[in-house]
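Chain naming here is simple, since letters A, B, ... match the order of the sequence lines and numbering starts at 1 in each. Keep in mind that the numbers below use all heavy atoms, side chains included, and drop hydrogens, waters and symmetry copies.
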Amino acid sequence: MKKAPGSEGDGFGTAEEYLNAAKSMRNMGEFDLALNVCDKGAAKFPANGNIQILKAQILITKYKKVPKPEVLKSALTCLEIAIKINPRSYLAKILASQIFLKGKAYKRAKAILLDVLKTMPEDEKAKALLAEAEKHIPKPAEVEKPKAAAAPAAQAKAAPSDGSEVIVVADNISDTVSEGLKKAEGQFEVDDKLVIETSEDSADEVARMEVFADKLTMFGRLEGLQGIFIIDSSGQPYKVINKKGLDEDRIPSLAFNLFKASVAGTSRTNFGSFQRGILVAPFGTIIIVNVFYATLALVVNNDANLQTVEARIQRYLEEAAG
Amino acid sequence: MSNLKTSLRMLCNNQDILGAIIITKDGMLIEVYAVENPLAEMLGALMSNVALVIKNSLQDLGHHEFSRYVIQSNKGRIYLVDLGKSLLIALTDLNVEPGKVNMALFQAANEIKKSGRIEL
């Protein structure tokens, strides 16, 4: 018999079980229990960035009820770990940028958002957040010029008079988050008006995702199948079937980012609405399917019969998405 | 007529392929066949972005190249083939034989890779 999640030896075998248990507790308003489950999950699966992202989301929700700045700092720490584990995580970067915006670290928020837009130039959310950050960053002409023409590098490191700092977009975006955290260790002043958006699972969404997840059994005997991921609208894996030890952080990120880039590509070129993306990579073929409100990513062997796979996807769509 | 143009023309002789483009990794057009502007430029920019997403993500997974990526919409398919230092894009209708298209793209990619001009 399974023990209560979060208790000693809780009996959870997969990261997904921890994630689902923590989500259920969060949805019931049991934030501390949910955080406890995340901590246990993170200790057992230290390389799983999704647990860190969920923990950050729970902390942000908790902050909305108990607005203590240290709660946001803890959320940022989780996101720092998540971005270190998976530098392509869209959700971790969007959440981190929102915390920086909330903490009035506009240049850091901008640096992270520029990193998101580098690979997803059409992302509406990132564009809107960037516009918000830029509203608070003085334009070069507005910044008072230094009197002496000192060496540019030394000038760049000096903090401007507005208390903000010069941010250089680091090659590794997790460094930008880490440095921001260090900076926030002292006072963490927050913008009371700004609300951080987190994707709370509505009852409708949970029900819909459950249907998508339940119907995955029809892929069970598919020849050459390596894994299946149901990815929610924020890019987080909701259900994972992993038969070949696939990376459960990076494959869903790849599928989600590619889905977003492909949707932008087809809509901008008037090429109709996106249906499938098929990537032939060295480790297998990834088939990305738009299942409305979610993304389905199947990884099959490169020699798998794609017609059979497509027939199965059609059946899945008929039964799961109606 | 350049070798690249010839390669693209031969590729587009295949009745399933509507048009083809060769672009640099940052989306600049190198050669275009049977695709009008501004669509060609737009496709170049957008597909180089798609290639960047793939490349970055695969690098995180310990891989450095991909064979091809196909976007299927309700209007047709866009094929993206990694040529190493450049990218080949081809457009097809929806109801085409994928095997035939893959074969034609494979042959064209080999021809293009042989061309010295692609060393950018």
task = Would you please classify the geometry between the A:Tyr316 ring and the A:Phe212 ring as parallel, tilted or perpendicular, with 30° and 60° separating the classes?
result = tilted
inquiry  = Cation-pi check for A:Phe229 against A:Lys239: NZ or CZ below 6.0 Å from the six-membered ring centre and within 45 degrees of the axis, yes or no?
reply    = no
ask   = Contact part of B:Ile71 toward chain A, heavy-atom cut-off under 4.5 Å: side chain, backbone, both or neither?
value = both
query = Of the backbone (N, CA, C, O) and the side chain (C-beta and beyond), which part of B:Leu80 lies under 4.5 Å from a heavy atom of chain A, both, or neither?
reply = neither
task = Check whether A:Ser253 gets within reach of chain B through its side chain, its backbone, both or neither, counting any heavy atom under 4.5 Å.
result = neither
request  = Apply the test salt bridge (Lys or Arg N to Asp or Glu O under 4.0 Å) to residues B:Asp82 and B:Arg68: give CA-CA distance (whole Å), side-chain angles for both, the deciding distance (0.1 Å), then the verdict.
outcome  = CA-CA 6 Å; B:Asp82 190 2; B:Arg68 65 180 175 277; over 6 Å; no
ask   = Do A:Ile228 and A:Leu225 have side-chain heavy atoms sitting under 4.5 Å apart?
value = yes
Just give me the residue among [options] that pairs up with chain A most often, heavy atom to heavy atom, under 4.5 Å.
options	answer
B:Leu46, B:Val70, B:Ile78, B:Leu39	B:Val70
B:Ile54, B:Leu52, B:Leu91	B:Ile54
B:Leu58, B:Leu43, B:Asn49, B:Val50	B:Asn49
B:Ala45, B:Gly62, B:Ser73, B:Ser57	B:Ser73

message = Are more than 12 heavy atoms, taken from residues, nucleotides or ligands other than B:Lys100, located less than 6.0 Å from that residue's NZ atom?
response = no
task = Quick one: pull up NZ in A:Lys93 and CG in A:Leu129 and give me the separation to the nearest 0.5 Å.
result = 14.0 Å
query = Should B:Lys114 and B:Glu111 count as an ion pair when the cut-off is N to O under 4.0 Å?
reply = yes
key: Closest-packed option against chain B by number of heavy-atom pairs under 4.5 Å, given A:Ala264, A:Ser273, A:Ala281   = A:Ser273
ask   = In terms of heavy-atom pairs under 4.5 Å, which option from A:Asn257, A:Leu254, A:Leu258 contacts chain B the most?
value = A:Leu258
